[in-house]
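Reckoned from all heavy atoms, side chains included, excluding hydrogens, waters and symmetry mates. A note on names: the letters A, B, ... follow the listed sequences, proteins ahead of strands, and every chain is numbered from 1.
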Amino acid sequence: MNTPGRVIYVGSIPYDQTEEQVLDIFRSVGPVANFRLVFDKDTGKSKGYGFVEYHDADTAASAVRNLNNYTIGNRNIRVDFSHETSIGPNVFTSRPKDPNAPAAGAGVSVNLSSLNLPPGITLPPGVSAAESITNTLSQCPRETMLQVVTELQTLVVNSPQLAIDLFRACPQLSYALVQSCLALGLVDPMSISAVVLRESPEDSNDGAGDEAQKAIIRQVLSLTTEQIQALPEQQRMAIDQLREKVRSGQLASI
DNA sequence: GTTGAGCGTT
């Protein structure tokens with residue numbers, strides 16, 4: 001283990017991974033301040049390692065804890081603190097050379113199975129999933145609930161596609177999130193029903209769940225806006241990034 | 001083709 005700082009080293013990245021794909025994974029931990037995938041100067045090909053700088057050491061430590069041995073393609077990436085404390089001046093400069101290449105984060109699909117999601121539980125006879133979620137949440141300390149909601153908020157802001165995949169794979173999580181927001185008084189019941197009722201059948205082009213998940217995302221985003229002044233600096237920055245994406249049309253479908 | 005460990009293309 002190296003000296004903790006804001007910069008981490010990432011090794012064993014498959015050669016075919018783009019900067020965007022790697023970035024998307026590291027943004028799932030928190031806003032990324034700077035990033036560099038190292039390319040061979042002569043061949044222009046990835047050397048299979050790179051560096052990620054976060055805004056604070058805690059987020060960097062979280063990346064080291066949670067993303068070391070994360071599986072990309074057929075390899076497990078190596079994540080540790082970097083020897084150096086800064087990442088250099090090339091802030092997000094090495095964009096794909098192809099002008100038709102996808103924009104940042106677009107079309108990138110992170111493998112959910114790599115996240116090692118918990119397997120879930122068997123419900124007692126006669127207990128619905130909704131009831132079970134309510135029971136679980138009623139025993140959850142307010143502080144913990146707020147923390148989870150905040151982390152989901154960060155995920156939605158930094159990795160919208162991963163968030164959509166996650167909510168699709170775990171619809172219970174959407175339910176728990178909405179109920180948590182209500183329990184915490186972060187959003188009033190009227191705006192929940194307003195979002196849900198807005199969804200008419202003809203809006204659902206590829207399955208009813210799709211629009212419902214988007215509705216959840218929109219709800220989280222509106223929550224984000226309402227709470228913006230109470231947020232820590234790094235999350236306000238992330239929201240600014242999100243607004244820029246919406247403005248430029250990258251997130252029009254959300 | 002040369003590609004699997006590696007701590008940074010000015």
- Message: Let me spell it out: for each of A:Tyr9 and A:Lys41, pick the nucleotide of DNA chain B with the closest heavy atom. Which residue's pick is nearer the 5' end?
- Response: A:Tyr9
- From CZ of A:Phe39 across to P of B:dT3 the rounded distance in Å is 16 Å
- Regarding the side chain of A:Val38, the nearest nucleotide among B:dA5, B:dT2, B:dT9 is B:dT9
Output a table of donor-acceptor pairs, distance under 3.5 Å, between side-chain atoms of residues 37-49 of chain A and any protein atom two or more places apart or on a different chain; print 'none' if there are none.
residue: A:Asp40; atom: OD1; partner: A:Asp42; partner atom: N; Å: 2.8
residue: A:Asp40; atom: OD1; partner: A:Thr43; partner atom: N; Å: 2.9
residue: A:Thr43; atom: OG1; partner: A:Lys45; partner atom: N; Å: 3.2
residue: A:Ser46; atom: OG; partner: A:Gly48; partner atom: N; Å: 2.9

- At under 4.0 Å between heavy atoms, what does A:Gly11 touch on the DNA or RNA strands: base, sugar-phosphate, or nothing? nothing
- Value in whole Å for how far the P atom of B:dT10 lies from CG of A:Asp42: 10 Å
- Find the distance A:Ile13:CD1 to B:dC7:P and express it as a whole number of Å. 13 Å
- Message: On the side chain of A:Tyr15, is there an atom forming a donor-acceptor pair with the base of B:dG1 - under 3.5 Å, no angle test?
- Response: no
- Message: Heavy atoms only, 4.0 Å cut-off, all strands: where does A:Ile77 land among base, sugar-phosphate and nothing?
- Response: nothing
- Under 3.5 Å, side chain of A:Ser62 to main-chain N/O of A:Asp58, donor-acceptor pair present? no
- Message: Which nucleotide wins on minimum distance to the side chain of A:Ser12, given the candidates B:dG4, B:dG6, B:dC7?
- Response: B:dG4
- Item | A:Asp16 vs A:Glu84, nearer the 5' end of DNA chain B by closest nucleotide | A:Asp16
- Query: Could you give the CD1-to-P distance, from A:Ile8 to B:dC7, as a whole number of Å?
  - Reply: 16 Å
- Rounded distance (Å) that lies between atom C1' of B:dA5 and atom CZ of A:Arg75: 9 Å
- Query: With centres under 5.5 Å and planes under 30° as the test, does A:Phe51 stack with B:dG8?
  - Reply: yes
- Message: Using the ring centroid of each side chain, check whether A:Tyr9 and A:Phe51 are separated by less than 6.0 Å.
- Response: yes
- Task: Could you check how far OH of A:Tyr49 sits from P of B:dT3, rounded to whole Å?
- Result: 14 Å
- Task: Find out whether A:Thr59 and A:Val29 are in side-chain contact, i.e. whether some heavy atom of one side chain is under 4.5 Å from a heavy atom of the other.
- Result: yes
- Is there a side-chain contact between A:Asn68 and A:Arg78 (heavy atoms, below 4.5 Å)? yes
- Task: Give the nucleotide from the list B:dT3, B:dG4, B:dT10 with an atom nearest to the side chain of A:Lys45.
- Result: B:dT3
- Could you give the CG-to-C1' distance, from A:Asp40 to B:dA5, as a whole number of Å? 15 Å
- Query: Which nucleotide sits closest to the side chain of A:His83: B:dG8, B:dT2, B:dC7?
  - Reply: B:dC7
